[in-house]
Amino acid sequence: MTKVITYGTFDLFHQGHYNLLKRARNLGDYLIVGVTSEHFDENRGKINVVEDVLTRVQHVKDTGFADQIIIEDHEGQKIEDIQRYGVDIFTVGSDWAGTFDYLNQYCKVVYLPRTPDISSTEIRSNMFHPVRIGIVGTGRMAPRFISEAKYVSGVQIITAYNPVKGEENVEKFREQYASIVLETESYDRFLDMVDAVYIASPNETHYDYVKKALLSGKHVLSEKPIAFTRRETKLLYDLAEEKGLILFEAVKVAYCPGFQELINVARSGKIGEIKDIEADFTRLASENSRERTDAKYGGAFYEFGPSVLVPIIKLMGTDYKHISFHSIFDKNGVDEYNKINIYYDNAMATARTGVAVKTEGQLVISGTKGYILAQSPWWLTRHFEVRYEDSSRIEPYDPPFRGDGLRYEISEFIRKIAGFSRNGYKLTAEDSIFMAEIIEKYTEYKERNSV
Ligand code: C2G
């Protein structure tokens, strides 16, 4: 009996997949098909897969060509499988020609002709109808957004908006991105061109921009904080809901695959009951930066507060008993460094943020059986460890992380707009509204104590 094995994602199953499986089956008497897990696809940089693994397995099964279906979830598995199942022939489509020659040591490698003119990528982009995006603000975030959006299919950046006359970054933007229409006069005209907006303007302008965009029927991804009060934030989410629009707060860490994994490990019971969280995020900003000169809307807490609150909200929830703030302010009332303590029944958390004090910058989640340590920069989660009383016992995790991480939040946003996926569990409206409540409390504290 000749055993054949092939692998694929088989997303949005199409004729090319069908032909490949049929040809693979005809190479022998028994066909094993490896379908990639979500985790493995994320690891190899394929972040646009639409269907979940069980749906994809079902489609392969429905063809009737597979005698056995397995899940491929890690690098190096092909070699293991070939040996474990006693495979004679490994095959994939000719788009991979050469890539798997190293498997010749274990079995015969055959590249089958690829069916022309059809691919999951193409189907995905047709299904998604490219979402036309406009960017509000041409400062630091805009170029990062543009370069990361290239990795997400179904996105077109059409226009950018900045009404501030003479700002240096406007001209730079115009020169660098000739194909993006730069609108400097009318926000309405800018909105008319797009399906969705990404808001990366100064903090205090987010609320108005978000509100107007929603009222014009546009989906919104807004930099944090969406607004400075609970009431305003809730109003915006209610408005989005009423209009059937997607509103996402861009707290990047929440959408990182590695951070999701960290939260899931923490929730799994591995470290026992969670009793304490220490989330630390500091970045020294230059003395003339916006963060250190804008006494009203700058400072460390507004800058990094949402990021440090995410792990606390995700693991301890919103039902806290008491919160206290401690800040070091400069002479103009800018918070340079903060320590926030949140107390729950039987658990507590500390968040530290700073723009003029440098700390270790780690995330520590402490439980009754052990703790999770994610070192700086834990908000771009690439590595974390589970540690125990026995200090020699360390379990490392190395989740995937590509680019500067923005692509994950963009991809989630686009998927939600397209109606796929995945309810927004990563950062919900409730999470954002709760963050706004803490921000509001912080503002009251700051007004009382800063100067
Ligand atoms: N395929 C094809 N013709 C197409 C499209 C795809 O023959 N028009 C083949 C691919 O060459 C592959 C299989 O169908 O052999 C599955 O394709 P994908 O779902 O795109 O999976 P892929 O990313 O190629 O994964 O470990 C995974 C493997 O490396 C292949």
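Counting starts at 1 for both ligands and their atoms, in listed order.
Ranking the protein heavy atoms by distance from atom 14 (O) of ligand 1 puts His17 CD2, 3.6 Å first. Remark: minimum distance from atom 22 (P) of ligand 1 to any protein heavy atom is reached at Lys46 NZ, 3.7 Å. Counting protein heavy atoms only, atom 1 (N) of ligand 1 is closest to Arg114 NH1, 3.8 Å. Here the protein heavy atom with the shortest distance to atom 12 (C) of ligand 1 is Gly93 N, 4.0 Å. Annotation: atom 24 (O) of ligand 1 to nearest protein heavy atom, Trp96 NE1, 2.7 Å.
Leu247 has its side chain within reach of Leu236: a pair of non-hydrogen atoms, C-beta onward, lies under 4.5 Å apart. Between Thr353 and Glu303, the closest side-chain pair of non-hydrogen atoms is not below 4.5 Å.
Between atom CD1 of residue Ile135 and atom CD1 of residue Ile180 there is a gap of 6.0 Å, rounded to the nearest 0.5 Å. A distance of 8.0 Å separates CG of Asp73 from CD1 of Ile71, quoted to the nearest 0.5 Å.
Considering backbone and side-chain atoms together, Thr115 places an N or O closer than 3.5 Å to an N or O of ligand 1. At a 3.5 angstrom cut-off on N or O pairs, Thr9 counts as close to ligand 1. In terms of N/O distances under 3.5 Å, ligand 1 is approached by Asp95. Residue contacts with ligand 1: Ser119 is placed with no nitrogen or oxygen under 3.5 Å of a nitrogen or oxygen of the ligand (distance criterion only). Checked by distance only, ligand 1 and Phe10 come closer than 3.5 Å through their nitrogen or oxygen atoms. Residue Thr6 has no nitrogen or oxygen atom sitting less than 3.5 Å from a nitrogen or oxygen atom of ligand 1, judged on distance alone. Remark: ligand 1 and Glu72 share an N or O pair separated by less than 3.5 Å (distance only, no angle test).
No donor-acceptor pair closer than 3.5 Å links the side chain of Arg132 to the backbone N or O of Gln156. In this structure, Lys61 contributes its side chain and Ala66 its backbone to no donor-acceptor pair below 3.5 Å.
Contacts with ligand 1 closer than 4.0 Å are made by no heavy atom of Arg23, backbone or side chain. Counting heavy atoms under 4.0 Å from ligand 1, residue Phe100 touches it through the side chain alone. Contacts of Leu20 with ligand 1, taken as heavy-atom pairs under 4.0 Å, involve the side chain alone.
Within the set Tyr7, Phe13, Tyr111, the minimum heavy-atom distance to atom 30 (C) of ligand 1 is found for Tyr7.
With respect to the salt-bridge test (charged N to carboxylate O, under 4.0 angstrom), the residues Arg140 and Glu291 qualify.
For an aromatic pair to be called close, the ring centres must be under 6.0 Å apart, and Trp96 with Tyr111 fails this.
Against a heavy-atom cut-off of under 4.0 Å, Gly8 is close to the following atoms of ligand 1: 16 (C), 21 (O), 25 (O), 30 (C). Residue Ile118 has at least one heavy-atom neighbour below 4.0 Å for each of these atoms of ligand 1: 4 (C), 5 (C), 8 (N). Short contacts between ligand 1 and Val92, defined as distances under 4.0 Å to a heavy atom of the residue, involve ligand atoms 15 (O).
Between Tyr187 and Phe190, the ring-plane angle classifies as parallel under the 30° and 60° cut-offs. Ring orientation note: the planes of Tyr408 and Phe401 are tilted relative to one another, at an angle of 30° to 60°.
Each of Lys224, Lys426, Lys314 was compared with Asp431 under the salt bridge (Lys or Arg N to Asp or Glu O under 4.0 Å) criterion, and only Lys314 meets it.
Ligand 1 has at least one atom lying under 4.0 Å from a heavy atom of Lys78.
Counted within 6.0 Å of CD on Glu241, heavy atoms from surrounding residues, nucleotides or ligands total 12 or fewer; the atom is thus considered open.
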